[in-house]
**Q** 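The structure under discussion is supplied below as structure tokens; questions concerning it will follow.
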Amino acid sequence: MKIFKFGGASVKDAAGVKNVVNVLQQVGHTNTLVVVSAMGKTTNAMEDVVNAYFNNKAGLPATIQEIVDFHINILNDLFDNTQHEVYTKVKVLFDEVQGFLAWNKSPKRSFVYDQVVGYGELLSTTILSAYLNQVNIQNNWLDVREFIKTSDNYRDAIVDWDKTQEKITAGIDKSKLNITQGFLGSDDNNFTTTLGREGSDYSAAILAYCLNATEVTIWKDVPGVLNADPRYFEETQLLNKISYREAIELAFYGASVIHPKTLQPLQRKEIPLRVKSFLNPLDAGTTVGKGEGIEPKVPCFIIKRDLVLMKLSSLDFSFIVEDSISELFKLLHDHKMKVDLIQNSAISFSVCVDNKFDQLPDLLNKLKGKFKVNHQEGVSLYTIRHFNTKAIESIQNGKEILLEQRAKETVQLVVK
């Protein structure tokens with residue numbers, strides 16, 4: 001069985017839905033399970049609904065109506081008959097959202113988030129499944145929440161692999177074309193859970209692992225995995241093959257094409273992962289699988305922007321050793337700072353962090369009680385895998401380098 005995953009960009013409008021049909025017709029869809037994300041920016045729009053529910057009840061109806069109108073417009077472009085049953089199915093889903101918001105008593109934002117935001121995927125798959133049936137591609141619509149069972153750690157649920165394996169083995173007919181949702185699961189009380197943002201890739205990997213799939217293909221609007229983000233780098237190059245190990249390294253440093261959790265279940269069963277273009281579905285794309293390194297072996301560039309570089313030194317010139325480093329990391333953890341790079345000497349400690357939750361002022365106040373602190377906001381961290389002199393010079397050109405760190409395969413540069 002094959003697993004195909006289509007992200008939000010591939011089904012952002014009616015033309016995208018029609019193109020999914022084109023992809024399936026070109027590459028085949030026998031014994032295939034299709035995992036689909038929410039349409040376009042629907043997840044963001046659903047997050048706006050959650051925000052309105054907690055902070056602006058008066059604006060809630062209008063916020064929901066925008067999402068309704070977006071999906072109805074797509075339906076009108078796909079179906080000639082407004083009496084088609086898919087209109088009723090979509091209305092029922094929106095009624096469920098509004099019904100939940102009306103009766104919910106839980107003040108827990110993460111719980112509410114998962115019950116609301118997950119409807120983006122339920123809507124997209126309902127529409128895609130109906131359209132496939134209309135063009136005579138018969139398929140099974142599956143509610144993935146019946147199969148992927150998780151903890152109740154809302155917004156970042158942990159998969160219960162034994163229960164999930166049991167449900168998938170008993171409930172999914174591998175001989176059919178199946179359509180289901182990414183990103184979602186359910187807990188023991190059958191409340192919806194989510195697997196973290198960008199979790200649809202992970203969903204595909206979970207299903208592949210439990211179904212012993214022959215391969216997973218992630219369909220994107222790029223030709224495959226590139227050696228750099230084309231938004232920031234010119235003359236990017238397609239990577240034809242990447243080993244699991246190399247892909248995990250790239251994900252660790254921040255490459256955004258493959259979700260970090262996706263690779264682990266695939267590696268355990270050596271299931272190949274392909275990243276291909278939904279615009280040119282017959283092109284080879286990139287294959288991630290068993291092997292070594294990358295092909296071709298070229299420098300790979302990753303950039304993280306708007307970070308904070310802090311340099312800490314002891315007030316009395318004493319060594320920064322295990323006790324002080326342990327205390328530093330506890331403070332970073334308590335303030336939800338993601339650490340991207342560390343470097344230390346006998347009496348100083350440099351750390352580059354992502355101030356994602358805007359807790360920097362409080363952290364600095366606590367640090368200044370025990371250390372001399374210099375910090376610089378708005379820095380960029382460049383990581384180059386398989387670097388050479390030319391690659392480093394291309395980053396250094398005209399920039400002020402605040403910190404440099406090298407290993408055998410990787411160089412990292414913090415740039416002002």
Side-chain angles (χ1 to χ4, degrees), residues 1-40 74 77-78 121 124-142 174-183 198 200-205 207-208 211 213-231 236-242 247 255-259 262-263 266 271-289 294-296:
M1 187 175 200
K2 299 177 294 186
I3 309 293
F4 288 169
K5 183 263 176 174
F6 289 92
S10 63
V11 289
K12 65 181 180 181
D13 51 24
V17 173
K18 292 177 181 178
N19 188 62
V20 170
V21 173
N22 177 57
V23 171
L24 295 176
Q25 289 173 333
Q26 288 195 61
V27 303
H29 49 77
T30 304
N31 303 339
T32 299
L33 189 153
V34 178
V35 177
V36 185
S37 299
M39 292 176 148
I74 291 175
D77 288 339
L78 292 173
E121 279 72 16
S124 65
T125 52
T126 296
I127 293 170
L128 175 61
S129 175
Y131 185 71
L132 287 168
N133 283 326
Q134 177 170 271
V135 296
N136 296 317
I137 299 179
Q138 300 305 309
N139 66 92
N140 236 7
W141 183 90
L142 302 175
K174 300 200 296 187
S175 68
K176 296 182 178 179
L177 171 62
N178 295 287
I179 310 296
T180 197
Q181 306 78 35
F183 187 45
E198 310 302 328
S200 291
D201 290 0
Y202 186 37
S203 301
L207 292 161
L211 290 164
T214 55
E215 63 183 51
V216 174
T217 302
I218 296 175
W219 296 96
K220 303 183 78 71
D221 56 358
V222 291
V225 179
L226 305 176
N227 73 321
D229 189 328
R231 293 175 297 177
T236 57
Q237 191 167 346
L238 177 68
L239 303 176
N240 302 320
K241 295 180 181 179
I242 311 175
S256 60
V257 173
I258 302 171
H259 192 282
T262 300
L263 298 164
L266 299 180
I271 299 170
L273 170 67
R274 308 190 195 284
V275 182
K276 300 181 68 174
S277 168
F278 58 72
L279 302 174
N280 299 289
L282 297 181
D283 289 355
T286 300
T287 299
V288 181
I294 59 174
E295 190 276 308

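Below, all heavy atoms of this structure are taken into account, side chains as well, without hydrogens, waters or symmetry copies. In this text, all values refer to a predicted model and were calculated from it rather than measured experimentally.
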**Q** To the nearest 0.5 Å, what is the distance between CG (L177) and CG (L24)?
**A** 6.5 Å
**Q** So, taking the atom named CD1 in I74 and the one named NZ in K12, what distance separates them when rounded to the nearest 0.5 Å?
**A** 11.0 Å
**Q** Measure across S124 and E121 and return the closest heavy-atom pair with its distance rounded to 0.1 Å.
**A** OG-O, 3.1 Å
**Q** With sequence neighbours excluded, what pairs up with D229 under the side-chain contact (heavy atoms from CB on, under 4.5 Å) test?
**A**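 Per chain and number, D229 pairs via side-chain contact (heavy atoms from CB on, under 4.5 Å) with R231, Y232.
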**Q** Fit a plane to each ring of W219 and F4, take the angle between them on a 0 to 90° scale, and name the class: parallel (under 30°), tilted (30 to 60°) or perpendicular (over 60°).
**A** perpendicular
**Q** How close do G8 and S37 get, counting heavy atoms only, and between which atoms?
**A** N-CB, 3.5 Å
**Q** Are any of the side-chain heavy atoms of L132 and V21 separated by less than 4.5 Å?
**A** yes
**Q** Nearest 0.5 Å, what's the CG-CD1 distance between L128 and I137?
**A**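 If I round to the nearest 0.5 Å, the distance is 9.0 Å.
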**Q** What's the spacing between L33 CG and I3 CD1 if we round to 0.5 Å?
**A**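 One finds 4.5 Å between CG of L33 and CD1 of I3.
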**Q** Over all heavy atoms of both residues, which pair between S203 and Q181 is shortest? Give the atoms and the distance, please.
**A**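 Closest approach of S203 to Q181: CB-O, 4.4 Å.
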**Q** Quick check for you: to the nearest 0.5 Å, what is the distance between L263 atom CG and I271 atom CD1?
**A** 12.0 Å
**Q** Whether the side chain of N19 engages the backbone of F278 through a donor-acceptor N/O pair (distance < 3.5 Å, no angle test) should be reported.
**A**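 Looks like yes, one N/O pair under 3.5 Å.
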**Q** Is any side-chain heavy atom of N31 closer than 4.5 Å to one of S175?
**A** yes
**Q** Can you name the nearest heavy-atom pair linking D221 to A9, along with the distance?
**A**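 Heavy atoms of D221 and A9 come nearest at OD2-CB, 4.3 Å.
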**Q** Taking the side chain as everything from C-beta on, heavy atoms only, tell me whether F6 gets closer than 4.5 Å to V23.
**A** yes
**Q** If you count every heavy atom of other residues, nucleotides or ligands that lies below 6.0 Å from K174 atom NZ, does the total exceed 12?
**A**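 Yes, NZ of K174 has more than 12 neighbouring heavy atoms, counting only those of other groups under 6.0 Å.
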**Q** Donor-acceptor pair, S129 side chain versus T126 backbone, under 3.5 Å?
**A**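 Looks like no, no N/O pair under 3.5 Å.
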**Q** Looking only at heavy atoms, which two atoms of S200 and V35 are closest? And how far apart?
**A** O-CG1, 4.1 Å
**Q** Do T286 side-chain atoms and L239 backbone N/O form a donor-acceptor pair below 3.5 Å?
**A** yes
**Q** Is any side-chain heavy atom of L207 closer than 4.5 Å to a side-chain heavy atom of T180?
**A** yes
**Q** D283 vs K276, test: salt bridge (Lys or Arg N to Asp or Glu O under 4.0 Å). Steps then yes/no.
**A** CA-CA 7 Å; D283 289 355; K276 300 181 68 174; over 6 Å; no
**Q** Is any side-chain heavy atom of T287 less than 4.5 Å from a side-chain heavy atom of E215?
**A** no
**Q** How long is the span from the CE atom in M39 to the CD1 atom in I127, to the nearest 0.5 Å?
**A** 4.0 Å
**Q** Kindly give the heavy-atom pair with the smallest separation between D77 and K18, and that separation in Å.
**A**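 The answer is O-NZ, 3.9 Å.
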**Q** More than 12 foreign heavy atoms under 6.0 Å from NZ of K2: is that the case here?
**A** yes
**Q** Would you please test V225 and L238 for side-chain contact (heavy atoms from CB on, under 4.5 Å) and show each step?
**A** CA-CA 6 Å; V225 179; L238 177 68; 5.8 Å; no
**Q** Less than 4.5 Å apart, side chain to side chain, heavy atoms only: is that true for M1 and T32?
**A**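 M1 does not reach T32 side chain to side chain.
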